[in-house]
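Written below as structure tokens is the structure these notes are about.
Computed from a predicted model, the values in this text were never measured in an experiment. We name chains A, B, ... by the order of the sequence lines, and we start the count at 1 in each one. Atoms considered below: every heavy atom in the structure, side chains included; atoms not considered: hydrogens, waters and symmetry mates.
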Number of protein chains: 2
Amino acid sequence: MTIADKPQSRPTLRDVANLAGVSVATASKALNGRDQVHPDTRARVVLAAEKISFTPNALAQGLIAGQTGTVGLITGDLDGRFSLPILMGAEDAFGKGKMSVFLCDARGDSIREQYHLDALLSRRVDGLIVVGSRTDPRPSLGRNLPVPVVYAYAPSTDENDLSLVPDDVQGGADSVDFLVARGRRKIAHITGQMDYTAAQDRARGIESTLSAHGLPLIGGTQYGSWTEQWGRNATARLIEQHPDVDGILCGNDQIARGALDTLREAGWEVPGRVSVMGYDNWEVFTTGARPHLTSVDINLEALGALAARRLFEAIDGDVRSGIESLPCRIVPRETT
Amino acid sequence: MTIADKPQSRPTLRDVANLAGVSVATASKALNGRDQVHPDTRARVVLAAEKISFTPNALAQGLIAGQTGTVGLITGDLDGRFSLPILMGAEDAFGKGKMSVFLCDARGDSIREQYHLDALLSRRVDGLIVVGSRTDPRPSLGRNLPVPVVYAYAPSTDENDLSLVPDDVQGGADSVDFLVARGRRKIAHITGQMDYTAAQDRARGIESTLSAHGLPLIGGTQYGSWTEQWGRNATARLIEQHPDVDGILCGNDQIARGALDTLREAGWEVPGRVSVMGYDNWEVFTTGARPHLTSVDINLEALGALAARRLFEAIDGDVRSGIESLPCRIVPRETT
DNA sequence: CTGTTAGCGCTTTCAT
DNA sequence: ATGAAAGCGCTAACAG
């Protein structure tokens with residue numbers, strides 16, 4: 001029988017103080033490493049705290065401090081391929097400190113988003129990260145929020161907000177350079193739906209870099225859907241109409257998988273006759289492919305980590321705004 | 001100039017009360033829908049609250065109530081295929097109420113898990129959900145926690161804990177029944193690593209159901225890895241050694257994709273000559289496949305939602321324990 | 001109906 | 001070095 005005094009409720013600092021035979025004030029100082037405490041006293045307090053497994057009530061601490069050590073993470077759709085790595089990166093960056101993260105999935109619904117926002121503000125989060133699943137701009141949460149906000153992946157439409165996005169234009173450009181450096185001259189581009197900013201940005205990077213090299217874009221930018229099916233179909237048509245094509249840039253890894261399937265069945269050797277590149281570097285697709293797929297990684301975890309860092313800075317008063325683009329990186333495998 | 005009194009800090013109930021010309025107590029009652037308040041007074045208070053965009057401080061409320069309306073979600077690895085849908089289901093189920101969720105990724109590290117646990121307890125969460133990425137039993141968080149815990153997907157080794165897992169034995173059994181009902185009699189099973197409880201459970205369900213039907217398991221349970229590569233290799237060997245096989249049960253959708261690839265290249269018609277089934281129903285794989293892959297769905301979101309419900313019940317005092325298995329469900333597509 | 005008083009658990013002056 | 005007292009923002013008895 002050690003504890004068992006207040007049946008339901010958890011031990012408080014007062015319990016510790018009583019047990020140690022000191023006042024709450026002293027107990028507080030002892031536990032928080034304040035200096036004016038006699039070593040012996042501190043030891044007694046610490047021991048008492050351990051004995052009753054005292055855990056300080058962060059709510060009470062937060063009430064006083066005016067800071068809670070929590071942040072809110074509002075995501076548009078959790079199931080998406082993109083929110084998650086960002087979230088992981090952020091969680092990781094926060095986790096190193098003493099921050100805890102509230103996760104809210106708005107399910108792409110702005111009503112629900114507002115609801116979550118209110119809840120988070122009520123819980124006095126120190127800051128917010130809003131992550132989207134497409135790079136298309138999204139409405140701002142508003143300018144007059146009492147805490148800083150960082151937008152990740154999906155930028156805010158408001159220039160006064162800080163948004164972090166992958167540099168898809170550069171990603172597209174780099175993939176062209178990469179193929180050109182390997183001697184490819186007849187490059188095609190098969191991508192997803194045209195209404196995705198991501199698709200447009202990459203296309204822009206590809207087209208401009210190709211013309212900078214004085215090279216044509218074989219067959220023009222072919223928009224379709226982000227699926228294997230489309231990758232197969234588009235590739236079938238491509239190699240029929242342009243038998244001289246020697247490089248295929250795909251809008252994502254699934255399209256690339258479709259392309260590889262069609263090429264294999266047509267007896268085209270990869271990378272012998274034609275090189276293929278994916279985008280997103282979704283490992284389960286790239287390494288399941290035959291041969292393993294070269295892809296462009298958009299460094300989502302880094303983006304999440306940076307979002308966390310920027311949020312910290314903003315909480316500390318260093319507020320930025322505008323759109324910050326993060327570099328992509330090519331992960332070479334066997335298809336190039 | 002309406003507010004602008006306390007520069008940095010957010011409006012408190014006292015600000016509202018002052019503005020409305022009432023006491024804090026009355027303001028509180030008015031805002032919380034307590035009855036003994038004159039309608040006019042209430043209106044004045046509500047108006048005042050809106051005018052200064054007052055948001056009640058949930059920390060203060062939680063301090064008094066002894067309940068915070070928050071729960072902790074500790075996951076083994078966020079990137080896994082399995083934690084996420086569970087998390088979504090739970091988030092959804094909680095979201096309908098007024099709960100907020102702390103997300104913690106322990107990265108499979110028990111030190112980090114303990115760290116997060118302490119942080120969550122300090123924040124006075126009302127309950128915890130622990131989600132794993134494999135169905136293999138995991139160590140308990142401990143019996144003497146001050147809040148209820150529900151384990152999802154990865155069950156606790158402690159029988160006194162409540163664990164929720166998919167019924168993989170039944171999932172395996174059902175897949176056999178499904179193929180048998182479609183006239184298949186020579187069924188094989190290619191699956192992942194043997195040290196996965198999931199692989200063993202499914203194998204058990206398959207083997208026992210097959211023998212209940214008086215049918216053989218062609219080639220025995222073939223353990224390997226959860227990859228397309230393995231699916232291709234194992235299938236190549238299978239159709240060479242057992243040209244009479246007419247059904248292939250795969251341990252996951254990736255293995256099934258590999259199987260389909262090999263079968264197509266060998267000229268075997270699916271589902272004409274042989275039926276193929278995946279497991280997990282990972283849509284990006286099942287609907288990218290040619291033909292679309294029939295698969296077993298383990299209803300992860302439902303599992304997450306149930307975890308949330310069970311946690312609520314436990315918070316309300318209705319504590320259960322033991323392992324609860326949730327049914328799987330076959331999603332028929334074109335490969336069967 | 002409304003206001004006063006007393007805390008929730010903790011930290012922080014300010015005396016002692 | 002220690003403790004008494006005030007107060008963070010809010011709610012819940014109690015009086016009036």
Side-chain angles (χ1 to χ4, degrees), chain A residues 5-6 8-46 48-49 52-70 98 121-126 146, chain B residues 5-46 48-49 52-70 121-126 146:
Chain A
D5 225 70
K6 303 195 169 181
Q8 333 274 44
S9 94
R10 322 250 289 262
T12 77
L13 190 55
R14 216 178 44 172
D15 299 328
V16 176
N18 287 157
L19 215 176
V22 299
S23 73
V24 254
T26 305
S28 172
K29 288 169 193 156
L31 256 18
N32 292 314
R34 295 272 161 287
D35 34 12
Q36 316 116 315
V37 196
H38 192 95
D40 294 356
T41 313
R42 189 190 304 278
R44 266 207 333 278
V45 172
V46 169
I52 61 176
S53 15
F54 167 75
T55 318
N57 187 326
L59 297 190
Q61 296 182 147
L63 230 199
I64 294 167
Q67 293 234 333
T68 55
T70 61
K98 48 188 89 288
L121 291 179
S122 189
R123 296 194 189 288
R124 296 298 188 264
V125 292
D126 295 333
Chain B
D5 226 69
K6 304 194 171 182
Q8 334 273 45
S9 94
R10 322 252 288 263
T12 77
L13 191 55
R14 216 175 47 167
D15 299 328
V16 176
N18 287 157
L19 214 175
V22 297
S23 72
V24 245
T26 305
S28 171
K29 288 170 195 156
L31 256 19
N32 292 314
R34 294 273 164 286
D35 34 12
Q36 317 116 315
V37 196
H38 191 95
D40 294 357
T41 314
R42 189 190 305 279
R44 259 199 349 270
V45 173
V46 169
I52 62 177
S53 15
F54 167 75
T55 318
N57 187 325
L59 297 191
Q61 297 182 145
L63 231 201
I64 294 167
Q67 295 234 335
T68 55
T70 61
L121 291 178
S122 189
R123 296 193 189 287
R124 295 299 188 265
V125 293
D126 295 333

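- Here A/S23 does not reach the OP1 or OP2 of D/dT2: none of its side-chain N or O atoms lies under 4.0 Å away.
- The phosphate of D/dT11 (OP1 or OP2) has a side-chain N or O of B/S28 nearer than 4.0 angstrom.
- One finds a side-chain N or O of A/T41 lying less than 4.0 angstrom from the OP1 or OP2 phosphate oxygen of D/dT2.
- Here the nucleotide nearest the side chain of B/N32, chosen from D/dT11, D/dT2, C/dC1, is D/dT11.
- Across all strands, B/R34 comes closer than 4.0 Å only to sugar-phosphate atoms, never to a base (heavy-atom distances).
- Across C/dC1, D/dT2, C/dG9, the shortest atom-to-atom separation from the side chain of A/T12 is found for C/dG9.
- Spacing between atom NZ of B/K29 and atom P of C/dG3 amounts to 9 Å, rounded to whole angstrom units.
- Without hydrogens or angle criteria, B/R42 side chain to B/R34 main chain gives a donor-acceptor distance under 3.5 Å.
- Comparing B/R44 and A/L63 along DNA chain C, the residue whose closest nucleotide (by nearest heavy atom) sits nearer the 5' end is B/R44.
- Of the side-chain N and O atoms in B/Q61, none sit less than 4.0 angstrom from OP1 or OP2 of D/dG9.
- Between the P atom of D/dG9 and the CD1 atom of A/I64 lies a distance of 11 Å, rounded to the nearest Å.
- Regarding B/D35, its CG atom lies at a distance of 9 Å from the P atom of C/dC1, rounded to whole Å.
- In this structure, CZ of B/R123 is placed 16 Å from C1' of C/dG9, rounded to the nearest angstrom.
- Here the side chain of A/H38 is nearest to one of D/dA1, C/dC10, D/dC10, namely D/dA1.
- Comparing D/dG9, C/dG3, D/dG3 against the side chain of B/V22 picks out C/dG3 as the nearest.
- Distances from the side chain of A/V37 to the nucleotides D/dC10, D/dT2, C/dG9 place D/dT2 closest.
- Interatomic distance, B/T55 OG1 to B/R10 CZ, rounded to the nearest 0.5 Å: 6.0 Å.
- The side chain of B/A25 has C/dG3 as its nearest neighbour among D/dG9, C/dG3, D/dA4.
- Atom CG in B/L13 sits roughly 13 Å away from atom C1' in D/dC8 (whole-Å rounding).
- The separation between A/R10 atom CZ and C/dC8 atom P is 16 Å, rounded to whole Å.
- Of the side-chain N and O atoms in B/R14, none sit less than 4.0 angstrom from OP1 or OP2 of D/dG9.
- Atom CG in B/L59 sits about 18 Å away from atom P in C/dC8, given to the nearest Å.
- At a threshold of 4.0 angstrom between heavy atoms, the contacts of A/Q36 include nucleobase atoms, whether or not backbone atoms are also involved.
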